[in-house]
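A short worksheet on the structure shown next.
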Amino acid sequence: MSRVLITSALPYANGPIHIGHLVEHVQTDVWARFRRLMGDEVLHLCADDTHGTGIELNARKEGITPEELVARSQREHERDFAAFGINFDSYYTTNSPENQELANLIYHALKDGGHIERKSSMQMYSESLGRFLPDRWVKGTCPKCGTPDQYGDQCGNCNTTYEPADLINPVDAIEGKTPVLRETEQLYVRLADFVGELERWVPEGVPQPAVRNFVDRWMEAGLADWCISRDAPYFGFEIPGETGKYFYVWLDAPVGYIATTKQLCDARGMNWRDWWDAGSDAEIVHVIGKDIVYFHTLFWPAMLHAAGLKQPSRVQAHGFLTVAGEKMSKSRGTFIRAEVWAEHLDPSYLRFYYATKLGNGIDDMDLNLEDFVNRVNSDLVNNAVNLASRVTKFIAARFDGQVCDFETANHPLCDDVASAVDQYRALMQDWDIRGATRLIAELGDKVNTYFQEAAPWALIKTDPAAAQECCSAALHAATVLMTLLSPIVPDVAAKYADAIGVDVLGLEHTSPAWRPALVAAPDSIISRVQPAAVDAVIEASKQAPTDDAVDDTSSADLEAIKPEISFDDFSKVDLRIGKVVSASEVEGARKLLQLTVDIGREINVFAGIRQAYPDPAVLVGASVVVVANLAPRKMRFGVSEGMLLATSAADDSGLQLVQVDPSALAGWTVR
RNA sequence: GGUGAUGUAGCUCAGCUGGUUAGAGCAAACGGCUCAUAUCCGUUAGGUCCGGGGUUCAAGUCCCUGCAUCACCA
């Protein structure tokens with residue numbers, strides 16, 4: 001038996017859990033349950049990440065204290081994870097005494113080891129706010145390409161990185177006032193001190209080739225010093241021995257893994273050091289998104305090493321979630337909160353679907369809604385669940401719930417079943433959850449085929465004993481199937497277990513020698529996904545882009561106003577009301593729609609709005625605004641004789657045509 | 001801009017260190033069963049393995065190059 005401590009990255013306490021978070025937590029939970037199934041001792045831990053300027057700012061926006069914000073967030077997060085069957089041994093918070101104590105411990109170890117350095121630098125300071133400004137609180141014109149309204153760390157247009165002070169005409173993003181430069185002294189960890197140690201650790205702790213690639217490149221480029229302090233005011237832990245300095249949130253966030261262990265161990269009368277001391281025999285596994293690989297493969301192992309604590313046995317990274325091939329979007333209704341999903345759709349559906357897509361790589365994963373419905377209905381409900389249902393019901397109805405012995409040697413099923421268990425273990429151990437799911441589906445096919453060909457409903461008329469043997473073998477296979485499925489969809493497995501009189505399915509139930517005492521017909525285990533329910537989730541998730549006060553990207557992402565023009569310039573543009581006569585997709589063009597528009601005469605227009613109007617027919621009859629005197633433009637598909645006014649956010653999300661009241665007639669002038 | 005990943009059937013993906021005729025599931029068409037949640041079984045059809053070069057007796061697989069998509073940048 002091994003001991004495994006496994007974590008997901010700590011969700012930031014300033015927003016709701018959404019289906020993107022769940023990719024990670026489902027993956028972690030499936031794996032933790034898998035290890036438990038294999039008989040290992042498992043601690044599955046997580047916590048809210050609660051510090052930093054983001055929390056402070058959001059609390060201020062809402063008029064509550066950071067502590068109140070953080071407490072509410074934790075309640076909501078715990079509720080959402082529980083709804084999805086994420087089975088934490090503890091879900092704690094980084095804003096805890098244990099975390100402060102352990103952060104201090106690690107800091108002292110770094111300091112005593114001579115790895116902390118002081119450096120002073122000039123930083124942007126707002127006199128009216130009385131604080132230094134984080135990079136993204138400063139905006140101004142890019143010093144390289146001249147694009148206005150860029151953040152203080154990187155230009156969104158030319159991607160140049162720079163310091164906030166390099167911006168032309170910098171202003172703070174809160175009040176719009178001009179900040180001053182002021183000298184400040186900060187603490188840095190000399191990460192380069194740990195190069196030797198990291199070179200040793202990385203090959204064992206970072207087994208995924210694609211991730212290893214990243215890390216090796218960073219190591220080759222050289223490790224820069226890491227700034228771990230922030231000036232007051234800051235929501236976080238004050239640095240011992242300093243005045244007005246706080247730990248940067250990324251210093252104490254991963255320490256939350258240990259703090260949560262300590263809190264749990266204290267409650268259970270265990271010692272956290274049994275898990276985290278350098279000599280511990282426990283496996284420590286961190287599941288993270290690929291965006292935070294740097295922290296978990298360089299900073300974190302270095303910190304742990306300095307403090308004489310155990311480094312991760314494995315850092316397991318995953319890609320991001322897209323929905324329908326695109327980033328989650330509030331306006332498209334694909335920014336789906338866990339809470340909203342659970343209101344309309346069974347969480348097991350999502351767990352299963354993610355399992356069919358989670359491999360060992362860091363490729364992004366797409367939630368394709370049509371594929372989702374097909375996959376869940378065919379592979380889970382029709383294949384596996386229906387199999388469990390048909391076999392148990394048959395035995396309950398025809399054999400009074402009794403199974404009998406059957407010959408396992410040379411049985412058409414038994415070898416396949418046994419080898420499936422072995423393959424499953426190997427695939428899961430290597431984080432190929434998708435492979436394991438495929439294996440389960442294949443096994444389901446085999447058992448269904450066996451049952452179909454053995455046809456016990458016919459056989460029972462001539463040879464009831466043989467029919468019972470065949471059903472008993474099928475039940476054995478179905479039990480194995482449900483056991484292998486249990487880490488992925490525990491609720492489904494639990495209902496099956498109930499039908500065969502078992503508390504929790506375990507490895508012992510996968511033996512062909514095991515017999516249930518009595519087989520009952522199960523209650524409806526899980527029903528098929530209703531496509532209408534999927535539509536309802538999307539509908540319920542749609543919101544205006546500016547609707548969400550918690551999201552800080554709203555006003556910040558507006559495009560800059562263009563240079564001034566004269567009235568004469570403006571009056572050169574002839575805008576007319578147009579009525580859409582017809583609209584259709586353009587063969588071979590991904591973004592274009594072809595429209596015929598009546599502006600007093602009919603013109604042909606190509607518009608790059610297909611993504612916003614997947615069904616062009618809805619546009620017919622719409623009253624739109626057309627630039628009527630734009631020079632015709634020859635495109636690959638024909639000539640475009642006008643342009644339609646449209647609006648969208650800076651990143652093209654929320655794209656829509658500008659439409660006017662239908663009482664305006666075709667050809668009217670817009671002025 | 002730097003770096004990484006991906007591109008195989010309508011969809012989602014397998015194809016290990018190069019080796020018969022490129023596979024599976026779903027979706028489609030047809031046939032069969034009736035124990036089961038209209039489920040299950042069988043058959044058929046579906047591919048310029050992103051494009052262009054190259055190495056090799058042999059390339060989806062290796063090398064170069066181009067294109068497209070996605071991501072990360074402490």
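The figures here come from the full heavy-atom set of this structure, side chains too, leaving out hydrogens, waters and symmetry mates. So you know, we letter chains A, B, ... as the sequences are listed, proteins then strands, and number each from 1.
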Taking CZ from A/Arg375 and C1' from B/rC11, how many angstroms apart are they, rounded to a whole number?
9 Å

With no hydrogens and no angle check, just 3.5 Å: does a side-chain donor-acceptor pair link A/His296 and A/Tyr257?
yes

Under-4.0 Å side-chain N/O to phosphate OP1/OP2 contact, A/Lys357 with B/rC13
yes

Measure from the side chain of A/Ser378, starting at C-beta and using heavy atoms only, and say which of B/rC35, B/rC26, B/rA71 lies closest.
B/rC26

For RNA chain B, the residues among residues 430-447 of chain A that have a non-hydrogen atom under 4.0 Å from it
A/Arg434, A/Arg438, A/Asp445

The answer to which of A/Val391 and A/Gly222 contacts RNA chain B further toward the 5' end, by nearest nucleotide, is A/Val391

Spacing of the P atoms in B/rC63 and B/rG25 (rounded, Å):
32 Å

A/Arg398 has its side chain closest, among B/rC35, B/rC41, B/rA71, to B/rC35

For A/Val293, answer base if it contacts any base atom (sugar-phosphate contacts may also be present), sugar-phosphate if it contacts only those atoms, and nothing otherwise; contact means non-hydrogen atoms under 4.0 Å.
nothing

What does B/rU3 pair with, Watson-Crick or G-U, if both distances are under 3.5 Å?
B/rA71

Hey, does A/Leu191 reach any base, or is it just sugar-phosphate, or nothing, if we go heavy atoms under 4.0 Å?
nothing

Taken to the nearest whole Å, CD/A/Gln452 to C1'/B/rC40 is 5 Å

If you measure only the distance, is there a donor-acceptor pair under 3.5 Å linking the side chains of A/Tyr353 and A/Lys357?
yes

Side chain of A/Arg390, heavy atoms from C-beta onward: which of B/rA36, B/rC26, B/rC41 has the nearest atom to it?
B/rA36

From the list B/rC33, B/rA36, B/rA71, which nucleotide is the closest neighbour of the side chain of A/Ser389?
B/rA36

Hey, is the side chain of A/Asn213 poking within less than 4.0 Å of OP1 or OP2 on B/rA5, counting only N and O atoms?
yes

Without hydrogens or angle criteria, can the side chains of A/Asp231 and A/Gln186 be said to hold a donor-acceptor pair below 3.5 Å?
yes

For B/rC35, what is the paired nucleotide under Watson-Crick or G-U wobble rules, both distances under 3.5 Å?
none

Scan A/Arg217 against the nucleic acid and name what it touches under 4.0 Å (heavy atoms): base, sugar-phosphate only, or nothing.
sugar-phosphate

Answer for the Watson-Crick or wobble partner of B/rU48, both distances under 3.5 Å, is none

Tell me the interatomic distance from A/Leu427, atom CG, to B/rG15, atom P, rounded to whole angstroms.
11 Å

Just the rounded figure in Å: distance from P of B/rC70 to CG of A/Leu321.
15 Å

Give me the distance, rounded to whole Å, that separates B/rU17 from B/rU12 when you measure between the C1' atoms they each carry.
27 Å

Using a 4.0 Å heavy-atom cut-off across all strands, classify A/Ile526 as base, sugar-phosphate, or nothing.
base

Which value, in whole Å, describes the distance between the C1' atoms of nucleotides B/rU55 and B/rG18?
12 Å

Taking only the C1' atom of each, what is the distance from B/rC50 to B/rA5 in whole angstrom?
16 Å

So, is A/Lys290 close to the B/rC70 phosphate, meaning a side-chain N or O under 4.0 Å from OP1 or OP2?
no

Quiz item: cation-pi between A/Arg230 and A/Tyr246, 6.0 Å / 45°:
no

Distance in angstrom units between A/Trp226 CH2 and B/rC73 P, rounded:
15 Å

Using the C1' atom as the reference point in each nucleotide, state the distance between B/rG53 and B/rU69 in Å, no decimals.
23 Å

At under 4.0 Å between heavy atoms, what does A/Asp379 touch on the DNA or RNA strands: base, sugar-phosphate, or nothing?
sugar-phosphate

Give me the distance, rounded to whole Å, that separates B/rA28 from B/rG52 when you measure between the C1' atoms they each carry.
35 Å

Do A/Arg390 and A/Asn448 pair up side chain to side chain, a donor and an acceptor below 3.5 Å, judged on atom types alone?
yes

Heavy atoms from C-beta onward define the side chain here; which of B/rC11, B/rA5, B/rC40 lies closest to that of A/Asp363?
B/rA5

Under 3.5 Å for both donor-acceptor distances, Watson-Crick or wobble: does B/rG60 have a partner, and if so which one?
none

Just checking, is any N or O donor in the side chain of A/Thr322 or A/Asp366 under 3.5 Å from an acceptor N or O on the other one?
yes

Within 90° of 0 counts as syn, otherwise anti: where does B/rG10 fall?
anti

For atom CD of A/Glu453 and atom P of B/rG42, their distance in whole Å
7 Å

Classify A/Phe299 by what it touches in the nucleic acid, base, sugar-phosphate, or nothing, heavy-atom distance under 4.0 Å.
sugar-phosphate

Report yes or no: do A/Arg515 and A/Gln402 form a side-chain donor-acceptor pair below 3.5 Å?
no

Round to a whole Å and report the spacing from CD of A/Glu24 to P of B/rA71.
18 Å

With rounding to whole Å, what would you report as the distance between B/rG15 and B/rA24 at their C1' atoms?
11 Å

Indicate whether the side chain of A/Asn383 and that of A/Asp445 have a donor and an acceptor atom separated by less than 3.5 Å.
yes

With no hydrogens and no angle check, just 3.5 Å: does a side-chain donor-acceptor pair link A/Thr50 and A/Thr94?
yes

With a 3.5 angstrom cut-off on both distances, give the Watson-Crick or G-U wobble partner of B/rU20, or none if there isn't one.
none

Below 6.0 angstrom between ring centroids: does that apply to A/Tyr107 and A/His115?
no

Within the structure shown, what part of the strands sits under 4.0 Å from A/Asn386 by heavy-atom distance: base, sugar-phosphate, or nothing?
base

Take the protein atom CH2 of A/Trp250 and the nucleotide atom P of B/rC73, then report the distance between them rounded to whole Å.
11 Å

Quick check: are there more than 12 heavy atoms from other residues, nucleotides or ligands sitting under 6.0 Å from CD of A/Glu185?
yes

The Watson-Crick or G-U wobble partner of B/rG10, with both key distances under 3.5 Å, is B/rC26

From B/rA5, B/rU39, B/rC35, nucleotide with atom closest to A/Trp457 side chain:
B/rC35

First encountered from the 5' end of RNA chain B, between A/Val385 and A/Phe214
A/Phe214

B/rC40 and B/rG4, which share atom name P, separated by this distance in whole Å
45 Å

